[in-house]
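Below is the structure I would like to discuss, written out as structure tokens.
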Amino acid sequence: MKNTRYPNRVEFEVTGEYGLFSDPIMRVGGEKCSYQLPTYEALKGILSSVYWKPTLIWYIDAVRVMNQIQTEVKGIRPIKYRGGNDLAYYTYLKDCRYQVRAHFEWNENRPELAGDRNENKHHEIAKKMIVKGGRRDIFLGTRECQGYVEPCVFGEGPGAYDDIPQLSFGMMVHGITYADEAYSKETEGQMTVNFWNPVMQKGIIEFPRPEECPIHKTLCRMDIKPFGEEIGNFAGLREFGEVN
């Protein structure tokens with residue numbers, strides 16, 4: 001059945017031996033512990049590594065947890081900021097496998113790229129990049145957690161939590177809204193972090209849009225990265241790899 005609400009929807013499966021989806025506060029240093037689920041921002045980052053252009057914004061609609069949630073603790077020797085090595089324990093997710101459903105919308109904060117808003121072109125390229133495994137390397141949260149993507153039919157095949165009616169995971173970071181993806185006056189020129197309370201129903205977690213999250217926190221002032229005056233025309237798009 002063809003999706004009429006989001007005709008540019010894509011579906012893919014991402015797998016990896018390990019994953020580390022941690023709270024951004026824990027990324028500064030010390031010991032790190034993964035959330036039990038991938039965050040909206042992490043999945044958006046994976047899809048952006050598959051295919052991304054400043055013309056569009058990816059929205060993650062849902063994720064399906066295919067394998068049982070398992071963790072493994074590893075002893076790590078991270079580099080200290082002042083030189084040398086330290087000893088820390090990182091808690092990783094193990095044997096990760098997720099089905100992801102997402103779609104894109106035009107970035108209205110980039111009016112200079114209006115000439116590149118060809119929905120069919122970007123949708124077809126995105127699907128081809130999923131087949132090829134992405135344009136850039138795929139990571140499940142951190143660089144040491146290598147991941148792999150391939151096409152799938154969302155909901156197809158058995159999942160570890162298909163028979164579990166509901167599981168709640170408490171408050172988690174949803175994602176970060178950067179200045180060039182601002183959705184309101186309050187988020188313009190700001191970096192904003194969004195929080196929510198995910199609930200998994202029969203293995204599937206449906207994500208709200210960033211603006212629909214119940215809690216928002218402004219982190220700092222941020223300016224939109226300029227791409228140049230000519231990027232909106234054909235010559236500029238070709239120069240920056242926008243024309244395929």
Side-chain angles (χ1 to χ4, degrees), residues 1-22 33-51 58-74 90-104 123-124 126-142 144-175 196-209 212-213:
M1 182 176 179
K2 187 177 181 180
N3 173 44
T4 56
R5 185 180 180 187
Y6 298 124
N8 56 37
R9 176 169 280 172
V10 296
E11 297 178 345
F12 64 93
E13 183 172 279
V14 56
T15 58
E17 187 174 357
Y18 293 100
L20 181 56
F21 308 106
S22 63
C33 182
S34 177
Y35 283 129
Q36 293 176 289
L37 304 167
T39 62
Y40 176 96
E41 191 70 25
L43 295 174
K44 182 179 176 182
I46 290 172
L47 188 49
S48 296
S49 292
V50 172
Y51 179 71
W58 284 111
Y59 289 89
I60 306 300
D61 301 319
V63 61
R64 183 179 179 218
V65 181
M66 301 299 291
N67 292 347
Q68 185 176 357
I69 298 172
Q70 306 176 70
T71 59
E72 181 176 318
V73 179
K74 291 185 177 184
Y90 290 6
T91 303
Y92 293 88
L93 289 178
K94 185 180 179 181
D95 191 21
C96 302
R97 181 179 168 218
Y98 309 103
Q99 290 181 352
V100 184
R101 187 169 61 203
H103 74 280
F104 67 80
H123 189 213
E124 290 301 318
K127 290 190 293 183
K128 289 178 181 178
M129 290 302 103
I130 291 173
V131 172
K132 292 181 178 294
R135 282 187 165 180
R136 294 179 288 174
D137 291 342
I138 306 299
F139 306 110
L140 276 71
T142 57
E144 69 264 28
C145 299
Q146 181 73 44
Y148 306 91
V149 298
E150 59 181 296
C152 77
V153 176
F154 191 90
E156 192 174 84
Y161 297 92
D162 292 348
D163 298 326
I164 306 298
Q166 183 170 296
L167 280 177
S168 179
F169 295 88
M171 182 173 290
M172 286 178 52
V173 171
H174 178 275
W196 75 309
N197 296 279
V199 176
M200 181 169 66
Q201 296 180 324
K202 295 186 176 181
I204 297 176
I205 299 168
E206 295 188 355
F207 289 101
R209 295 169 66 92
E212 296 173 348
C213 290

- Exercise: identify the closest heavy-atom pair between C145 and Y18: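 Closest approach of C145 to Y18: CB-O, 3.2 Å.
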- Message: Give me the atom names and distance for the closest heavy-atom approach of I46 to F12.
- Response: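 Shortest heavy-atom separation between I46 and F12 comes out as CG2-CE1, 4.2 Å.
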- Query: Are any non-hydrogen side-chain atoms of L20 and S34 less than 4.5 angstrom apart?
  - Reply: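 The answer is yes; the side chains approach within 4.5 Å.
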- Query: Does V65 reach the side chain of Y98, with side-chain heavy atoms less than 4.5 Å apart?
  - Reply: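 Yes; the side chains approach each other to less than 4.5 Å.
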- Query: Within the side chain of Q146, is there an N or O that forms a donor-acceptor pair under 3.5 Å with the backbone of I138?
  - Reply: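 Such a contact is found between Q146 side chain and I138 backbone.
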- Between the main-chain N or O of G159 and the side-chain N or O of R97, is there a donor-acceptor pair closer than 3.5 Å?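 Not at all, since once roles are kept as given, no pair shorter than 3.5 Å links the two residues.
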- side chain to side chain donor-acceptor pair (under 3.5 Å) with D61: which of R209, H103, R101?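 With D61 as partner, R209, H103, R101 yield a single side chain to side chain donor-acceptor pair (under 3.5 Å), made by H103.
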- Taking every non-hydrogen atom, the tightest pair across H174 and Y40: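 Closest heavy-atom pair between H174 and Y40: O-CB, 3.0 Å.
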- Task: Would you give the length of the straight line joining atom CG of L43 to atom CD1 of I60, rounded to the nearest 0.5 angstrom?
- Result: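 It comes to 5.5 Å.
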- Task: Might you point out which heavy atoms bring V63 and F207 nearest each other, and give the distance in Å?
- Result: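 Shortest heavy-atom separation between V63 and F207 comes out as CG1-CE1, 3.5 Å.
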- Item | Residue K132 excluded, over 12 heavy atoms near NZ under 6.0 Å |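 Open.
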- Query: Quick check: does any side chain N or O of Y161 sit under 3.5 Å from a backbone N or O of I69, one acting as donor and the other as acceptor?
  - Reply: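 A pair under 3.5 Å: yes.
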- Query: Quick one: do E124 and K127 make a salt bridge, cutoff under 4.0 Å?
  - Reply: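 A salt bridge links E124 with K127.
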- Residue pair F169 / M200: nearest heavy atoms and the distance that separates them: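 In this case the closest contact between F169 and M200 is CE1-CB, 3.7 Å.
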- Message: We want to know whether E144 and Y92 form a side-chain donor-acceptor pair, criterion being a heavy-atom distance below 3.5 angstrom.
- Response: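 A pair is found: one side chain offers a donor N or O, the other an acceptor, under 3.5 Å apart.
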- Task: Mind checking ring pair (Phe, Tyr, Trp, His ring centres under 6.0 Å) for W58 and listing every partner two or more places apart, or none if nothing turns up?
- Result: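 By the ring pair (Phe, Tyr, Trp, His ring centres under 6.0 Å) rule, W58 matches F104.
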- Query: Is the backbone N or O of E11 less than 3.5 Å from a side-chain atom of Q99, with the two atoms forming a donor-acceptor pair by type?
  - Reply: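 No; judged by distance alone, with no hydrogens or angles, the pair does not exist.
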- Query: Between N197 and M171, is there a donor-acceptor pair closer than 3.5 Å when you use the side chain of the first and the backbone of the second?
  - Reply: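 Yes, because the side chain of N197 sits within donor-acceptor range (under 3.5 Å) of the backbone of M171.
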- Roughly how far apart are T91 OG1 and K74 NZ, rounded to 0.5 Å?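 These two atoms lie 11.5 Å from each other.
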- Please report the shortest heavy-atom distance between C33 and S22, naming the atom on each side.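 Closest heavy-atom pair between C33 and S22: O-CB, 3.6 Å.
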- Message: Testing the 3.5 Å rule here: is there a donor-acceptor pair between the side chains of E41 and T39?
- Response: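 The answer is no; no qualifying pair exists.
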- Short side-chain to backbone donor-acceptor contact, S168 and V199, under 3.5 Å: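 No: the side chain of S168 does not pair with the backbone of V199.
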- Gap between atom NZ of K44 and atom OG of S49 - 0.5 Å precision: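 If we round to the nearest 0.5 Å, S49:OG and K44:NZ are 12.5 Å apart.
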- How many angstroms lie between CD in Q201 and CD1 in I164, if you round to the nearest 0.5 Å?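 Those atoms lie 12.5 Å apart.
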- Query: Under 4.5 Å between any side-chain heavy atoms of L47 and V10, yes or no?
  - Reply: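 Yes. Closest side-chain heavy atoms under 4.5 Å.
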- To the nearest 0.5 Å, tell me how far T71 OG1 sits from K94 NZ.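 With rounding to 0.5 Å, OG1 (T71) is 9.5 Å from NZ (K94).
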- Query: About how many Å separate OH of Y148 and CG of L140, when rounded to the nearest 0.5 Å?
  - Reply: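 Output value for this atom pair is 10.5 Å.
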